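Predicted, not measured: the structure shown is a model, and the values here were computed from it. When a ligand or atom number is given, it counts from 1 through the structure's own listing order.
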Amino acid sequence: MDERQRALQAAHRAALDFLDSLDDRPVWPRATLDDMLAVFGGPLGEEGRDAADVVAELADKAEPGLVAIPGGRFFGFVIGGTLPAALAADWLVSTWDQNSGSSTLTPTTVALERIAGEWICDLLGLPAEAVVGWVTGAQVSNYVCLAIAQHAVLRRVGWDATKRGLRRAPAVRLVVGEHRHGSIDRAARFCGIGSEEFTVVAADDQGRMIPQALETALSVGDGPAIVCLQAGEVHTGAFDPFAELVPIARRHGAWVHIDGAFGLWAAASDRLRPLTDGMTDADSWTTDAHKTLNVPYDCGIAIVRDPADAIAFFRAGGDYLVFTSLDPWDVSPELSRRGRGVPAWAALRSLGRRGVAALIDRLRDNAGRLEAGLRGIPGVIVVNEVPYTQVMFRLEDDEATRALGAAILEEGTAALTGAEWDGRATLRCSMSSWATTQEDVDLTVAAIARLVGELSSRS
Ligand SMILES: *Cc1c(COP(=O)(O)O)cnc(C)c1O
């Protein structure tokens, strides 16, 4: 066997061993960053090593610092697992090594990404004419969408910022919700818009933007404006009331962007679609495939209603009204990149329409089951309404809540992360993984009940 074959076999073996360990290993890593720096550290040796040995060493040493994210009981942040078809397709993407920015160079991967983009727009009820840019994640998608929006609203008042720049351009108003995701602030910063320049619109106790407050905010001042809405508040899972908000923004001539990193997928389920009512009328949408669709990382999606707006911002020279021979780099930032949309194609192909809907429904059902279980534990207070995949809870005392969070990670059955909500310490669970079963939810509830009992007997 040659070196390449042996290396790939070593990786294959290590991958299966890791996946096999997921049910039993502690979910949170047992090693710290410093531990792992020590494990891998030291000077780079003069001589190289055999590729298979390198892979075996890597897999072996990596173990204690790995998080069981692809398993069924990781509920931290908002992070999906990896569907089998998506993982296997991701291996092929690396193997094929297709530099996927140009349609003429890499027709296979560009075609797969374009088809996957069309399927996603169809599943989410977004306009068929919209253009889809594949980026690293929702952070970059929010940036891409806001940058395109900023240039588009300026072009509409006669200012071509690709030629004249932004420094002397008319001011663009960025209108955001009180409970926007932090990535909106960073996206705005990348666009040269500072946080003190935002118009911040009040939200209700679940984090939903209040329509009357948006009307009031837009009634003062005029000029180009962008309104940023949200599908899926990262803690409560709440959706902005788009059917009321989008017409208000439209009436004031604003561009409407919706950050739906995980929430947009509610539209793929008959049962949950009402949460997204009215979102179709926006101008741009952000979502991730690496969260709810459960593909490996490096898979965010920027969707723009009018392809001309995306092309005008990204195409280097040439006419932005020419849509034929569209290259990926005409609608997204990178030149050289991997075919990152291919695993999304494989995930969608393996699930089918019905499978995508069933996945979303199951995430919601698991959230409901967890909520019911938590409500049955004396002393646990569920904080949010649980419309979707997020469940947030706390104990009466903030210190006890934080201690419970640390104890859960230490105990190892499940992993979830904390947040501040309404000035109180809370713990939050995100149901985002295809791998989570009802049994995983029940094991998690039992572990939390046990730890709450231990904490209260100690105090
Ligand atoms: C996760 C998330 C983001 C950022 O997404 P990344 O893929 O981590 O870049 C943005 N907005 C919302 C609402 C999110 O949940």
Under-4.0 Å salt bridge between Arg189 and Glu196: no
Whether Phe239 and Tyr388 hold their rings parallel, tilted or perpendicular, with breakpoints at 30° and 60°: perpendicular
Protein residues having a heavy atom less than 4.0 Å from any atom of ligand 1: Gly137, Ala138, Gln139, Asn142, His181, Ser183, Gly232, Val234, Asp259, Ala261, Phe262, Asp288, His290, Lys291
Contact list for residues 267-290, test ring pair (Phe, Tyr, Trp, His ring centres under 6.0 Å), sequence neighbours left out: His290-Tyr297
Sequence-distant partners of Asp185, salt bridge (charged side-chain N to carboxylate O under 4.0 Å, His left out), two or more places apart: Arg180
Considering all heavy atoms, the nearest Ala161-Leu166 contact: CB-CD2, 3.9 Å
Can you give me every donor-acceptor pair (side chain of residues 120-137, partner residue at least two apart or in another chain, under 3.5 Å) with its distance?
unit_1	atom_1	unit_2	atom_2	d
Asp122	OD2	Arg353	NH1	2.7
Trp134	NE1	Glu113	O	3.2

